[in-house]
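These notes are about the structure you will find just below.
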Amino acid sequence: MELAGIYVALITPFAADGSVALDALEKLAHEVLDAGAAGLVALGTTGEPAALSPEERRAVVEVCAAACAGRGAQLIVGAHGGDTRATAESLAALGAQVPQAAAALVTVPAFLRPGEAGTVAHFRELAEASPLPLIVYHIPYRTGQQLSAAALGELAAVDGVVGVKYATGGLDQAAVELLAAAPDGFAVLAGEDAFLAPMLALGAAGGILASAHLATARFVELAAAWQAGDAARARALGHRLTGLALAAFAAPNPAVVKGVLHAQGRIPTADVRLPLLPAGAAEVAAAHRLAAELASGLDH
C-alpha cells in the first residue's frame, strides 16, 4: 500500500435541525474525489468526531467508505481512545466496519504525555493487534507531547505503522531529519496546511488537509508539480495556497471551511457543534475570496 497525494480531511456537515447531513457529506466526498484527491479522511479533527454520537460516527464512515469504493480512492479513518486499550477497541471496531480502509489515523496519546518510550510502546501494541495499518497523528499543540526525530524514526520502523500526519505548527528540525531518512513504505504526510508546500519540497508524500475542500484541484496540482520537479510552478502556486490555508484557519477548525462551503452552496449550514462557534463573516469572506481566485486561475 502506498500513501501519496492529497487527502481531504472531511468536515461533517449539519442540517438545519442539527442532524448530520449525510446527503451533503456524500456529495462533498464525490466532489473532492472528482477533483483529484487521492482519498478521504473521515473522523479526523476536521470532522468534529468528539461531538458526534457513535451512531453518527458510524454513518459518516459508511458514507465515506462507499464514496471511496466507488472511485477506487483510499479511505483513512480516525480512531480514538483515551488509552491504549480503548484505542485498540476502536481500531477493532473500524476493522470490522471498513476492512477495506487504507489506514487508521491514530493520535499520539493526548493529555497523558507518556513520554517518547511510552508513545512508541503504545503504537507497537496497537500495530500488533490492529486489523488496519496505522498512521501516527503527530500534533503536539493538541496532545501536549513533542516527539524527537529519533522517536519518529522508531515509530517509522514499527511493522504496521505506514505513515505520519505531521502537524507540529511549523517546519521544524525533526521534520527535516525525518524527511531525510524516512524508510521505504513510510509516508510523511503534511498535516499543517500552511506548510504543505515546503514539506512537499523536502520530499513529503502528500498531505492531509482541511483547506483542500476549498481548492482541491489546485492542491492536487501543487503536489503533482513538486513530484514532476516543476519548482517554479510549484512555488508560485504554493504561495497562493498557503494564503488560502492561513485564511481557512483564521478561526478554530473547521469553522471557516464550513462557512465557505456554505457560502458556495455545497453544504446546508455552516454550523459547528459546541464548544466550537461559527466563524465570523469577515473570516469567511476572506477565505471565500481566495478560494474563488484560485478556482478561476488568477494566479497563472
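FYI, side chains are in, hydrogens and waters are out, and symmetry mates aren't considered; it's all heavy atoms of this structure. This one's a predicted model, so the numbers in the text were calculated from it and none came from an experiment. All residue numbers in this chain count up from 1 along the given sequence.
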- Message: If only side-chain N and O atoms count, and only distance matters, is there a donor-acceptor pair under 3.5 Å linking Glu116 with Ser148?
- Response: yes
query = Has Arg85 got more than 12 heavy atoms of other residues, nucleotides or ligands less than 6.0 Å from its CZ?
reply = no
Do Leu134 and Val120 land in one hydrophobic cluster if side-chain heavy atoms of ILVMFWY residues count as linked below 4.5 Å?
yes
inquiry  = Around atom CD of Gln100, are there more than 12 heavy atoms from other residues, nucleotides or ligands closer than 6.0 Å?
reply    = yes
Cluster check Phe186, Val108: I/L/V/M/F/W/Y, side chain < 4.5 angstrom
yes
Distance col, row Thr216:OG1 vs Glu221:CD, nearest 0.5 angstrom, shows 12.5 Å
Note to self: Atom CG of residue position Asp17 - does it have more than 12 heavy atoms of other residues, nucleotides or ligands inside 6.0 Å?
What the structure shows: yes
Interatomic distance, CG@Leu171 vs CG@Leu202, rounded to 0.5 Å, equals 5.5 Å
Separation between NE2 (His80) and OG1 (Thr87), nearest 0.5 Å, reads 9.5 Å
Side-chain donor/acceptor of Arg273 to backbone N/O of Ala51, under 3.5 Å: yes
- request: Measure from the side-chain N and O atoms of His213 to the backbone N and O of Ala210, and report whether any donor-acceptor pair falls under 3.5 Å.
  value: yes
**Item:** Under 3.5 Å: donor-acceptor pair, side chain of Thr12, backbone of Gly47
**Value:** yes
Check your understanding: Is there side-chain contact between Glu48 and Pro254, with at least one heavy-atom pair below 4.5 Å?
Key -> yes
Connected to Leu277, directly or through other members, by ILVMFWY side-chain contacts below 4.5 Å are Leu274
Shortest non-hydrogen pair, Leu126 vs Ala88, comes out as CD2-N, 3.6 Å
Correct closest heavy-atom pair for Ile208 and Asp193 would be O-OD1, 4.3 Å
In short, Ala248 meets Leu214 closest at the heavy-atom pair CB-CD1, 4.5 Å
So CG of Leu189 and CG of Leu200: to nearest 0.5 Å the spacing works out to 9.5 Å
TODO: For the pair Asn253 (side chain) and Thr45 (backbone), establish whether a donor and an acceptor sit closer than 3.5 Å, ignoring hydrogens and angles.
DONE: no
Item to complete: Report yes if some heavy atom in the side chain of Val136 is under 4.5 Å from a heavy atom in the side chain of Lys165; otherwise report no.
Response: no
Do the side chains of Asp271 and Lys258 get nearer than 4.5 Å, heavy atoms only?
no
CD of Gln227: more than 12 outside heavy atoms within 6.0 angstrom?
no
One should read off an interatomic distance between Ile267 CD1 and Leu25 CG, to the nearest 0.5 angstrom, of 10.5 Å
Worksheet entry | Hydrophobic cluster identity match, Leu244 and Leu209, side-chain contacts under 4.5 Å | yes
Establish whether Leu10 and Leu94 are linked, either directly or via other cluster members, by ILVMFWY side-chain heavy-atom contacts under 4.5 Å. yes
- Does Glu56 CD have over 12 foreign heavy atoms under 6.0 Å away? yes
Heavy-atom distance under 4.5 Å between the side chains of Leu222 and Leu196, does that happen here? yes
Which of Leu152, Thr143, Leu178, Thr119 passes side chain to side chain contact (heavy atoms under 4.5 Å, CB included) with His138? Answer is Leu152
Applying side chain to side chain donor-acceptor pair (under 3.5 Å) to Arg142 and not counting sequence neighbours gives none
Give a yes or no answer on whether the side chain of Glu125 reaches the backbone of His122 with a donor-acceptor pair at less than 3.5 Å.
-> no
Worksheet item: Is there a chain of hydrophobic side chains (I, L, V, M, F, W, Y, each step under 4.5 Å between heavy atoms) that links Leu22 to Val272?
Response: no
Is it true that a side-chain atom of Glu283 and a backbone atom of Ala247 form a donor plus acceptor pair closer than 3.5 Å?
-> no
Note to self: If you define the side chain from C-beta out and look only at heavy atoms, does anything of Val158 sit under 4.5 Å from Phe123?
What the structure shows: no
By side chain to side chain contact (heavy atoms under 4.5 Å, CB included), Val162 pairs with (sequence neighbours left out) Met1, Leu3, Ala103, Pro133, Ile135
Exercise for the section: Give a yes or no on this: more than 12 heavy atoms of other residues, nucleotides or ligands lie within 6.0 Å of atom CD of Glu2. Expected result: no
Note: Gln74 and Cys68 closest approach over all heavy atoms is O-SG, 3.5 Å
Checklist line | Any side-chain heavy-atom pair of Pro268 and Phe14 under 4.5 Å | finding: no
Scanning both residues in full, the closest heavy-atom pair of Met199 with Ala175 reads SD-CB, 4.3 Å
With a 4.5 Å heavy-atom cut-off, do Pro13 and Thr269 have their side chains touching? no
Between Ala42 and Leu75, the two heavy atoms sitting closest are CB-CD1, 4.4 Å
CD (Glu89) and OG1 (Thr84) are apart, to the nearest 0.5 Å, by 11.0 Å
Tell me, yes or no, whether the heavy-atom count around Tyr141 atom OH, taken from other residues, nucleotides or ligands under 6.0 Å, exceeds 12. yes
Side-chain heavy-atom pair Gln145, Pro114 within 4.5 angstrom cut-off: yes
